[in-house]
Number of protein chains: 2
Amino acid sequence: MNIGLEKYRYYTELMRDNDLFSDISHDALDQLLEISSAQYWPKKTCILDPTHTLYTFYIILSGKVKGYVFDDKHDRPLTLFLLTQNDVFDVFTLINGEVRDIRYETLCDTEVLSIPMYKLHEWIHQNQDVYKALLKYTTDKMRQMENYISNLIMEDTSIRLARLLYNHVNPSSRHVELLSGLTHDELGALIGTTRTMIGRHIQAFKEEGILRTERREIEITNLALLLQKISLNT
Amino acid sequence: MNIGLEKYRYYTELMRDNDLFSDISHDALDQLLEISSAQYWPKKTCILDPTHTLYTFYIILSGKVKGYVFDDKHDRPLTLFLLTQNDVFDVFTLINGEVRDIRYETLCDTEVLSIPMYKLHEWIHQNQDVYKALLKYTTDKMRQMENYISNLIMEDTSIRLARLLYNHVNPSSRHVELLSGLTHDELGALIGTTRTMIGRHIQAFKEEGILRTERREIEITNLALLLQKISLNT
DNA sequence: CGCTAATTGCTACCTAGGTCACATTTATAC
DNA sequence: GTATAAATGTGACCTAGGTAGCAATTAGCG
């Protein structure tokens, strides 16, 4: 990484905070940063080529990335997971060396470290401790995925939307910053439903006094009511 | 393990075939078998206590086990995954040491190796190579789970049932042995729907000449038609 | 065997949520 | 600004799949 010292320190701090690398020695972390390069991805940057993650591994420093598959039958994308600070992708291709048909797209401006796979493999070979950390990481993701599955089957779309909003509201500003600027189509993709449904639910939430919208900004006006909607129906 | 030599050899062979332990030395595998005890679980054996897997780890030698959560709202169980030969559970509690609210139940007679967690932790400490194998194992499970999610959202219940049958049919006998003996309620739990729906679809499949039933035995009479049902609608 | 409980088949009905259509509003480009 | 495209609001309508109820069948057990 040929960057300024200040930036370098910033990356080191971020990596040090990442549970995946907390057991890694200072030297090893330096070596990892050596083979990494920082990238800035503006909102809506896409990785559409599924083979791309065969050759490059990413560590998210800030921002949000969604991983999704495309549903040909209904002609719509379907989000499988959201990745954010300290997440990495794609562990599956890193370990198994196989392509899988998942695409990525940034939901907001995002900073990542990009690492060539073959260099990362070399680094991991010298730092086998990371396997344990990666295992903890993936089992944790797996639990999240199990929750997502039960959520999908057990809850209806309005509760899923309420939960999405609640999980991403900024407690101080009451704005749902992550989701602001997304169209109803995109919100639908995040919870596995259609723009029509999103529109209807948002209208309903407005009437119930839960939220207010203005130019694709969503502001929660009554957080208690929103929370109630999630927890009552379980 | 104080068992006959023959049984012991049988277990060793099974473990040797398990990808999780293929990189483990002969000695280490012996040590693992030392701390294991074999158990035979008849069909419908349940592990209802979620804390149980905090203290015991299982390796499935033969049979099938489903992991599920209970949906209080609809008052029905919902299967998250099926485990079979060479699967282990629960990796999450092994690594994170936390309980999670998942129950287990055997779908047919099942043989497992049971290992006390604290002994397994000691063993793993001496055999850190297993982390890499476990990581491969979990990432693979994760991909299966992703497929399950897209399946749930994209396909309707009849296709999910068709796929369930297709995945478990014995190609030579044409019988769906795993699912034979299960009630419609239990089949419903496996694909996230109700007994009514299962009944309707099975009736429909009969009329289409896809299958035949007799005393809870399901026999596929036209495999091509079944396959067509799965693959046409994607 | 014969009794009881569980399972199934089937009907009628209801609801969530999807599709389609089209007017209205908002963004973006020129 | 205006023209064009994109996004939204809203209506009517349709379908999958859920619920409830009950009769018919089957399994399990003394």
Side-chain angles (χ1 to χ4, degrees), chain A residues 42-44 71-78 107 150-164 176 179-208 211-219 229 232-234, chain B residues 42-44 71-78 107 150-164 176 179-208 211-218 229 232-233:
Chain A
K43 188 171 182 168
K44 282 177 202 273
D71 178 356
D72 293 309
K73 195 172 169 187
H74 304 280
D75 193 42
R76 69 182 189 201
L78 161 64
L107 292 181
S150 30
N151 208 245
L152 273 174
I153 302 196
M154 304 202 284
E155 315 286 23
D156 55 32
T157 53
S158 71
I159 296 175
R160 300 213 298 271
L161 176 60
R163 178 160 291 142
L164 181 73
V176 189
L179 305 176
S180 295
L182 297 190
T183 67
H184 289 182
D185 257 322
E186 289 167 310
L187 292 176
L190 291 177
I191 60 167
T193 185
T194 56
R195 75 158 197 88
T196 321
M197 278 299 124
I198 297 287
R200 283 178 200 165
H201 292 316
I202 289 197
Q203 278 321 100
F205 287 177
K206 271 187 201 166
E207 279 160 29
E208 295 173 53
L211 54 80
R212 192 163 37 177
T213 61
E214 202 184 343
R215 322 222 253 92
R216 278 185 216 158
E217 293 279 324
I218 300 171
E219 185 190 353
K229 195 159 271 290
L232 265 189
N233 287 282
T234 36
Chain B
K43 187 171 180 168
K44 283 178 202 272
D71 178 356
D72 294 308
K73 195 170 167 187
H74 304 279
D75 193 42
R76 69 181 191 202
L78 162 62
L107 292 182
S150 30
N151 209 245
L152 272 174
I153 301 195
M154 305 203 283
E155 316 284 24
D156 54 32
T157 53
S158 72
I159 296 175
R160 301 214 297 271
L161 176 60
R163 179 160 291 142
L164 180 73
V176 189
L179 305 176
S180 294
L182 297 191
T183 67
H184 290 184
D185 257 323
E186 289 168 309
L187 292 176
L190 291 179
I191 60 167
T193 185
T194 55
R195 74 159 197 88
T196 321
M197 280 297 123
I198 297 288
R200 283 179 199 164
H201 293 316
I202 289 198
Q203 278 323 97
F205 287 177
K206 271 187 202 166
E207 278 160 29
E208 294 174 54
L211 54 79
R212 192 162 36 178
T213 62
E214 204 183 340
R215 322 222 253 92
R216 278 187 216 159
E217 292 281 324
I218 301 171
K229 196 159 272 290
L232 266 190
N233 287 284

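By convention in this document, chain letters (A, B, ...) are assigned in the order of the sequence lines, proteins followed by strands, and residues within each chain are numbered from 1. As the structure is a computational prediction, the values presented were derived from the model and not from experiment.
In the model, D156(B) has a side-chain atom that pairs as donor or acceptor with a side-chain atom of S158(B) under 3.5 Å.
The stretch residues 183-194 of chain B comes close to DNA chain C through T183(B), H184(B), each having a heavy atom under 4.0 Å from the strand.
In this structure, L161(A) places its CG atom 14 Å from C1' of dG17(C), rounding to the nearest Å. At whole-Å resolution of the value, CE in M154(B) and P in dG18(C) are 15 Å apart. Rounded to an integer number of Å, the gap from R200(B) CZ to dT11(C) C1' is 9 Å. The CD1-P distance, from I198(A) to dT19(C), rounds to 13 Å in whole Å. In this structure, CZ of R76(A) is placed 16 Å from C1' of dC20(C), rounded to the nearest angstrom. If you take CD of Q203(B) and P of dT11(C), they are 10 Å apart, rounded to a whole angstrom. Nucleotide dC13(C) holds its C1' atom 12 Å from the CE atom of M197(B), rounded to whole Å.
Running 5' to 3' along DNA chain D, contacts with non-hydrogen atoms of chain B at under 4.0 Å begin and end at dA16(D) to dA27(D).
Between T196(A) and G199(B), it is G199(B) whose nearest contact on DNA chain C lies nearer the 5' terminus. Comparing T157(A) and K206(B), the nucleotide of DNA chain C nearest to each residue sits closer to the 5' end for K206(B).
A donor-acceptor contact shorter than 3.5 Å is absent between the side chain of R160(A) and the backbone of N151(A). The closest donor-acceptor contact from the side chain of E207(B) to the backbone of A204(B) lies at 3.5 Å or more, if one exists at all.
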**Request:** Would you please test H184(A) and I202(A) for side chain to side chain contact (heavy atoms under 4.5 Å, CB included) and show each step?
**Result:** CA-CA 9 Å; H184(A) 289 182; I202(A) 289 197; 4.0 Å; yes

**Request:** Tell me, with the steps shown, if L211(A) and K206(A) meet side chain to side chain contact (heavy atoms under 4.5 Å, CB included).
**Result:** CA-CA 5 Å; L211(A) 54 80; K206(A) 271 187 201 166; 3.8 Å; yes

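At a threshold of 4.5 Å between non-hydrogen side-chain atoms, the residues I153(B) and R76(A) count as touching. Using a 4.5 Å cut-off on side-chain heavy atoms (C-beta onward), I198(B) and I191(B) make contact.
The salt bridge (charged side-chain N to carboxylate O under 4.0 Å, His left out) test with E186(B) is passed by exactly one of K43(B), K44(B), R195(B): K44(B).
In terms of heavy atoms, A189(B) sits closest to P77(B) at CB-O, 3.7 Å.
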